[in-house]
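All chains are named by letter (A, B, ...) in the order of the sequence lines, taking the proteins before the strands, and each is independently numbered beginning at 1.
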Amino acid sequence: MSEQPVDLTRRQVLLGALSTLIVGCSAEWRNIITAPQSASIHLRDALPNLVGDPAAAARLGQTYLAAHPEYRTADDLLNAIERTLLQHDAGALKQMDSDHVATAIKERIASEYAQNEVESVAGWIVSETEARLYGLTTMGVIDSRGQST
Amino acid sequence: MFIDARTLPDASLVEADLAIIGGGVAGITLARTLAGHRTRICLVEAGGLEYDAMGQALYEGENTGLAYSTVTTRQRFFGGSSNHWGGYCRPLDPIDFEARDWVPHSGWPFGIEELEPWYAQATRLVEIAPGHFDDAGYWQAATGEQLPAPASGRLRMQFVHFSPPTRFGARYRDDLKNAENIQVLLNANVIRINATRDAGRVRQLEIRTLTGLSHRVKAKTYVLATGGLENARLLLLSNEVVATGLGNHHDQVGRYFMEHPHLSNFADLVTADLARVPKILRERLIVQGRPAQAAFNPAPAFMREQRLLNATFMVALADTYPTDVAPASADARTRANRDMLLAARRFLTDDPSPGPVAPGFRLGVGGSCEQAPNPDSRVTLSTQRDALGLPRLKLDWRLTDQDRRSFYTHLRSLALEFGALGSGRLRETIADQSDWPQPVSGGSHHMGTTRMSDDPSRGMVDRNGKVHDIDNLYVAGSSVFPTSGSANPTLTLVALTLRLAEHLKETVK
């Protein structure tokens, strides 16, 4: 096979540099840089299978969001959850249906407890992903009937 | 033979080979083990066979540290504190015996292997089933319930056996009564231990009754077994020869007082599905006629890694939330617990039902912690006097930041464990963890005031319980514990006393 001449444009060079940067930088930054711009539809669909009583969850979520002003929109929270999942199983969300996403999130939550990736929400020791789910409920992503909106 | 010291002629002299001061768990265990032996034993008990308010009042003391009752945490009559014992039995953990570089003054002169044969014998005396203290497989088979494997690596499950509880006075009275080599002297308060001029030997015990009689007991060997508070007090009172108290050349007597801080009302633990919390985790189960319950203890590797002390948590069903709508009368706590149960339902049950549900249950959590040995936590003598004219004890019980940090870290572990297992959610109800949950009480476990060490400058008794520098005086009971672990002390003090009995069989002839 003959080698093609390499003709790098300025844009390609920048992208290449960015890729190198992403590979070389910390996992936390890598996740931010590679985070999807919009949350997976499967993740939204999975939410009703994850939150029990939306009203109860919303009350907890309210406390959580008050302590986390960085989450201004539902997409902020969805992206954070998705990043967490991708960190542990890259690309998985795209291949999963909503049931599998729900299962993956449940497993992730159990794992966060085991790894002490938790925070205190009104005194409750809650896994980070679980707390974000409650925050989503507060933002109305799940309505009072438990449906994804 | 039982003799009431109040019926003896004044100034009587009782002679024996071995005088045991104190008819509590240690004293009775020791006497009973030596029953039938050639040794003539006099067991000197301050109280009678039944509770007596006047005698009990001799236990009143002054308190300068944490609030603590020196009266209600012990019993001054035959059987001693076994008369109000709750019956909890579990050995100390191997790590409790170790010199841990993160726990000042830690380390026993020997490891748990030294006590293991005695623990086995002790289980018979406290009338529990042969110990299965950390054998989850045994309890799984015995109860037919699958027990969850630890998920966080921070906790492990152990199993507490419950004694009936054995009231040593009532249970073993006849054994002592029928032993030809034993006489029990009741209502005989030892007010002083007289030593030789060089303080190298004990000469005799001075006895006083509340009726005003004075007697003496002379023996070849003496064992002090009056409990973790009174052992220290009696040595401090015996200051004729050594001004700071008998056996106190190195200022060790009375220091290192330890309790197991007992805490409650620090957390709410909720569970939606009791099937995920096997019964033995939340109630005493009778297995082969004997009760037992699981406890949560920190994993040794986690304690090492985080430089923490030991602790024990136990849970029990405390409340039920049976309806999907909170009653109008529900308080903030109930509403908070219900909210969590309803919100986390998908993680805590297998029930996919979208309809109205019964939220679940609240489990009460009790915690008991190891406290680090602390020389400033101590028993001294008060200027106040008791009915016998003796200085009362002054107790200054102190806890450290390390004690508190360990407790809160292990509490977090409990939350993580239930979360990881999908069996519950825990709410810490103490907002300010720079302080202890209130109130801090004890378990009526008095430990450490005559601690054991091979080095006389670090402990007042040697590995056999003999007072350093005094040839014929031993100390028995939990006052010799250099560290406390988090297990209730009775089983360990019985094991140590059985070991001491074996030693005395060889030395007192």
Checklist line | Partner residues of A/E107 under the side-chain contact (heavy atoms from CB on, under 4.5 Å) criterion, sequence neighbours left out | finding: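 Once residues adjacent in sequence are excluded, the partners of A/E107 under the side-chain contact (heavy atoms from CB on, under 4.5 Å) criterion are A/T103.
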Note to self: How close do B/A344 and A/E130 get, counting heavy atoms only, and between which atoms?
What the structure shows: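 Nearest heavy atoms, B/A344 then A/E130: CB-OE2, 3.8 Å.
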Check: Near A/R72 CZ, under 6.0 Å, is it more than 12 heavy atoms from other residues, nucleotides or ligands?
Finding: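 Counting other residues, nucleotides and ligands, CZ of A/R72 stays at 12 neighbours or fewer.
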Checklist line | More than 12 heavy atoms from other groups under 6.0 Å of NZ on A/K106 | finding: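 Yes, enclosed.
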Checklist line | Contact origin within A/A122 toward chain B - heavy atom pairs under 4.5 Å | finding: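 For A/A122, the contact with chain B is made by the backbone alone.
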Next item on the list: Please flag which part of A/V126 lies under 4.5 Å from any non-hydrogen atom of chain B: side chain, backbone, both or neither.
Entry: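 For A/V126, side-chain heavy atoms alone lie under 4.5 Å from chain B.
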Determine which residues belonging to [range] lie within contact range of chain A, meaning some heavy atom pair is under 4.5 Å apart, and list them by number or answer 'none'.
| range | result |
| --- | --- |
| residues 326-342 of chain B | B/A336, B/N337, B/D339, B/M340, B/L342 |
| residues 403-428 of chain B | B/R412, B/A415, B/L416, B/G419, B/A420, B/R425, B/L426, B/R427, B/E428 |
| residues 267-278 of chain B | B/D268, B/V270 |

Next item on the list: Among A/N116, A/I105, A/I109, A/L60, single out the residue with the greatest number of heavy-atom pairs under 4.5 Å to chain B.
Entry: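 Most heavy-atom pairs within the cutoff with chain B belong to A/N116.
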Note to self: Can you tell me how far apart CZ (B/R346) and CG (A/L133) are? Round to the nearest 0.5 Å.
What the structure shows: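 Rounded to the nearest 0.5 Å, the CZ-CG separation comes to 12.0 Å.
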